Protein chains: 2
Amino acid sequence: MNRKRQITIREIAAKVGVSIGTVDRVLHNRGRVSPETREKIEALVKKFGYRPNPLARHLKLKKEYQFFILSPYRHEDSGYWGLVFNGIQRAAEELSPFGIHIFFKEFDRYSRESFWKTAHSISLEDCDGLLLAPIIPSEMLHWLNELPSNIPYVFFDATLPDMSPITEIGQDPYNGGFLAGKLLCLFALRERGTYCVIAPHSEDYHIKRRIEGFLAFWANLEGYRTEVRTCSDMDHQETREGFLNSLLQEIPNPKGIFVANSSVHSVAEILNRDNSFHIPIIGYDLVPENERLLREGLIDVLISQRPAYQGYQAVYQLYRHVVLQQVIEKKIPIPIHFYFKENLIQEYSPDLEYKETMFAFND
Amino acid sequence: MNRKRQITIREIAAKVGVSIGTVDRVLHNRGRVSPETREKIEALVKKFGYRPNPLARHLKLKKEYQFFILSPYRHEDSGYWGLVFNGIQRAAEELSPFGIHIFFKEFDRYSRESFWKTAHSISLEDCDGLLLAPIIPSEMLHWLNELPSNIPYVFFDATLPDMSPITEIGQDPYNGGFLAGKLLCLFALRERGTYCVIAPHSEDYHIKRRIEGFLAFWANLEGYRTEVRTCSDMDHQETREGFLNSLLQEIPNPKGIFVANSSVHSVAEILNRDNSFHIPIIGYDLVPENERLLREGLIDVLISQRPAYQGYQAVYQLYRHVVLQQVIEKKIPIPIHFYFKENLIQEYSPDLEYKETMFAFND
DNA sequence: ATTAAATGCGTTAACGTTAACGCAAAATGT
DNA sequence: ACATTTTGCGTTAACGTTAACGCATTTAAT
C-alpha cells in the first residue's frame with residue numbers, strides 16, 4: 001500500500017558519482033554533459049523512476065502558471081458557458097497556492113472572425129496551458145496546427161480527431177440522445193404516435209450525434225414515428241414562433257419533443273405554457289431559463305453535461321500535467337446526468353450556497 | 001481576477017522589525033515571545049492575511065500525512081464499500097507527492113464489537129485525519145466523543161448531528177426515495193395498483209428517509225397503494241425466498257418494486273428471472289451484481305450514490321484542509337444519479353479503463 | 001602558436017518554512 | 001550577593017530543485 005519514498009536528484013548524483021548540477025543538466029537537456037555520463041544518469045533516472053519533487057520545483061521557480069480558456073461567450077447557449085466558467089473559477093481558486101492563473105478568452109461561437117480575433121489575443125509566450133472548447137472545429141484545427149508544439153492543451157465539451165490533447169473531457173452525445181428517447185417514451189407513457197426532434201440548423205457534430213442516438217432508440221420499435229426539424233434561429237422570437245407554428249400544423253399531435261440543445265426553454269415556453277394539454281419535453285443543459293421551466297413543470301427532463309464539473313476537471317487535469325507532471329488519463333468521460341424538477345441541485349453554484357433542503361440528512 | 005501574491009513570514013518579520021524566528025514562534029504558539037511583540041505580529045498576520053506556504057512547509061517538514069478510513073468491510077452491502085475505496089485509492093495516488101498515506105480500517109457493519117475492535121486499532125498518535133462512514137451512529141458518536149479533539153475528520157456516506165466534521169459528504173436520502181417513486185411510476189406506465197418497498201430490517205436512518213421520500217411521492221396520488229415490507233436477512237437465500245414468496249402471496253400483482261438498498265439484485269433475480277411478466281424494479285447502488293442485472297434488463301433503474309466520487313472527495317477535502325489549510329464547504333451534496341442499462345459508465349473504475357464505446361465522439 | 005571558444009563538471013544561492021541552538025538580559029531562588 | 005532558571009529574541013541549517021556562475025581542460029580558429 002505504501003509506495004516507497006521518491007528518490008532525489010542528490011541521491012542519483014551520488015550513485016553516479018557526479019554533482020547534482022550535472023544531473024540537473026541531463027534532466028533539463030541543458031547540454032554540457034559527456035555522452036557517457038549522460039547515459040549513466042539517464043539509466044539511473046529510469047531505474048529508480050526519479051521524478052522531480054513538484055513542491056521543491058515550484059518553491060524554487062516561483063513559477064506562475066497562466067492558463068487560457070478559449071471558449072464561447074459566457075452568455076451564449078442560454079448561459080451554458082457561464083456554468084462552465086463557474087467550475088473553472090472554483091478550480092482556479094483552489095489551485096491559487098500553486099500559482100495557477102486563469103484568463104478567460106471568449107468569442108462569438110457563430111463568428112469565425114470573432115474566433116480568430118480572440119485566438120490571436122492570447123499571448124502564447126507566457127501561456128502554460130490551454131483549455132479549449134473546439135466548438136468551431138475547422139478553425140480550432142487550423143489554429144492548433146500553427147501553434148507552438150510545446151503548449152499543452154485540453155479539450156472540454158467536445159473534441160477533435162487526430163490531435164494530442166492532454167485529455168479530452170466530454171459526454172457521449174449519441175448515448176445522451178438515446179436516453180433522451182428512452183425517457184421521453186416513458187414520460188409519454190409509451191403512447192404510439194409521432195415524436196419530434198427540434199435542433200438548431202447547424203453542422204454541430206454533437207447535435208448530430210444526439211439526434212442519431214435519439215432516432216436509434218425508436219428505430220426498432222413498432223408504432224412510433226419520428227420527425228426531425230431544424231430551426232434557423234431559435235433565439236429570434238418571430239423565427240421561433242413561425243417555426244413552431246408550422247411544426248404544429250404539420251404534426252398536430254406530437255407525443256413528445258426532444259430539443260437537442262439548450263434552447264429547450266424557448267420551445268417549452270410556447271408549447272406548454274397556458275395550454276390545456278402537456279406535451280412531454282426533454283432537452284439539454286441546466287441553464288437558468290431551463291431550470292426555471294423545469295421547476296414550473298413545462299419541461300419534463302433535462303440532460304446535464306455537467307458544465308461546471310467539466311470546467312473544474314479541465315483546470316485540474318491541466319494542473320496535474322503541468323505542475324505535478326503526473327500521467328493523465330486520455331479521456332475523462334462525463335456520465336449522462338438527468339434532472340427532474342425534484343432533484344435540482346446546482347453543482348458548484350457560483351456563490352457556493354447549496355439549497356439546504358436538498359441535503360437535510362437529519363430531521 | 002488575479003489575487004495578489006501571498007505575503008511571506010520574512011516580510012511580516014521585516015515589517016514588525018523582528019526576526020523570522022520570532023514570527024514563527026508566534027505562529028506556532030511556541031512561547032518565548034513578549035506580549036507586545038506577539039500582538040504586533042498577530043495584527044500584521046491578520047491584516048495581510050498571512051498563510052504559510054504549504055509547499056515550503058511540506059518541503060521542510062517532509063511531513064507524511066496518515067489518513068485512516070473507518071468504514072464497513074469492502075465486500076459488505078454487495079461490494080458497495082469497495083466502490084468507495086476505489087475513489088479513495090485514486091485520490092491517494094494523485095496526492096502521493098504531498099505525502100498522503102491512506103490506511104483502510106474495516107469493520108463488520110452488523111457488529112458493534114467489530115466496530116470497536118477496528119476503531120481501537122487506529123493509532124491516533126500519528127493520525128492526521130479520519131474519513132468516517134457513521135454507519136453505526138451510536139457507536140461512532142461514542143467513539144468520537146472520546147477522541148482527542150485535534151484530529152480533523154470528514155463524514156462520508158452519511159452524517160451525524162451536532163458534530164464538527166471538516167465537511168459532510170452525502171446524498172439526500174429523502175429526495176432519492178421520492179425520485180425512485182417517480183421513476184417507478186413512469187416505468188410502470190402510471191398503472192394504478194400497489195407499489196412495494198422492500199427494505200432491510202434495520203434502524204438505518206438513510207433507509208428510513210428513503211422510504212419516507214418514496215411514500216411521499218405517492219401520498220397525493222389517487223388510485224395508488226403502497227406497501228412497505230422489511231426482510232431480516234436478504235443475504236440468506238432461504239430467508240429471502242421465504243420473504244418474497246409471502247410477499248407475492250399477500251400482494252399478488254405489484255405494479256412496481258422499490259428496494260431501498262443495494263440488495264435489489266437478490267429481489268430482481270427471483271422476481272424477474274424466467275418469469276412471463278416483468279415487474280418494474282428500482283433500487284440503489286451500482287454494485288457489480290446490480291450492474292449485471294441492470295444490463296440484463298431484470299432491474300430497470302439504479303440510483304447511484306456515486307461512492308467512488310464520495311471517497312475521492314473525502315480524501316481530497318481532507319487534504320485541502322490539513323495540507324493546504326484551505327477553507328472547506330461544510331457540506332458536499334452528492335447529486336442523485338440514475339443509471340439505466342444504456343448509460344452504464346462506471347466512474348473511477350479500478351483499472352482506469354473506461355468503456356470506449358461510451359465515449360466515441362467521432363465516427 | 002597563440003587566442004578564443006566550447007566542453008564537462010562542481011559549487012552555490014536562492015525559494016519559504018521550521019525548529020534546534022545560542023546568547024544575552026531579566027527574573028527567580030538561596 | 002551569587003547561582004540558576006526563564007524570557008525574548010536572533011541565527012542558522014536544512015528540505016529538493018534550479019540555474020547562474022566559475023574553473024579547468026579540450027577543441028577550434030586565426
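Sequence lines set the chain letters: A, B, ... in the order given, protein chains first and strands last, and positions in each chain run from 1. Predicted, not measured: the structure shown is a model, and the values here were computed from it.
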Applying ring pair (Phe, Tyr, Trp, His ring centres under 6.0 Å), name anything that partners His28(B), two or more places apart in sequence or on another chain. none

Would you grab the first and last nucleotide of DNA chain C (5' to 3') that comes under 4.0 Å of any non-hydrogen atom in chain A? dT7(C) to dG16(C)

Taken in chain and number order and not counting sequence neighbours, the residues that satisfy ring pair (Phe, Tyr, Trp, His ring centres under 6.0 Å) with Phe115(A) are Phe107(A)

Qualifying salt bridge (charged side-chain N to carboxylate O under 4.0 Å, His left out) pairs with a residue from residues 23-39 of chain B, counting only residues at least two apart or across chains: Asp24(B)-Arg30(B), Arg38(B)-Glu42(B)

Side chain to side chain contact (heavy atoms under 4.5 Å, CB included) involving Ala91(B) - partner list, sequence neighbours excluded: Tyr312(B), Val315(B)

Any residue in residues 11-30 of chain B with a heavy atom nearer than 4.0 angstrom to DNA chain D? Just list them by number, or reply none. Gly17(B), Val18(B), Ser19(B), Ile20(B), Gly21(B), Thr22(B), Arg25(B)

Between the opening five pairs and the closing five pairs of the helix from dA1(C)-dT30(D) to dT30(C)-dA1(D), how far apart are the helix axes, to 10°? 40°

For Gln326(A), all residues meeting side chain to side chain contact (heavy atoms under 4.5 Å, CB included), sequence neighbours excluded: Arg51(A), Arg320(A), Leu324(A), Glu94(B), Pro97(B)

DNA chain D contacts made by residues 54-62 of chain A, counting heavy atoms under 4.0 Å: Ala56(A), Arg57(A), Lys60(A), Leu61(A)

Would you call the rings of His142(B) and Trp116(B) parallel, tilted or perpendicular, where under 30° means parallel and over 60° means perpendicular? perpendicular

Which residue pairs pass the salt bridge (charged side-chain N to carboxylate O under 4.0 Å, His left out) test with at least one member in residues 8-22 of chain A, sequence neighbours excluded? Arg5(A)-Glu11(A)

Residues which pass ring pair (Phe, Tyr, Trp, His ring centres under 6.0 Å) with Tyr50(A), listed by chain and number, not counting sequence neighbours: none

Counterpart residues, ring pair (Phe, Tyr, Trp, His ring centres under 6.0 Å), relative to Tyr73(A) (two or more places apart): His75(A)

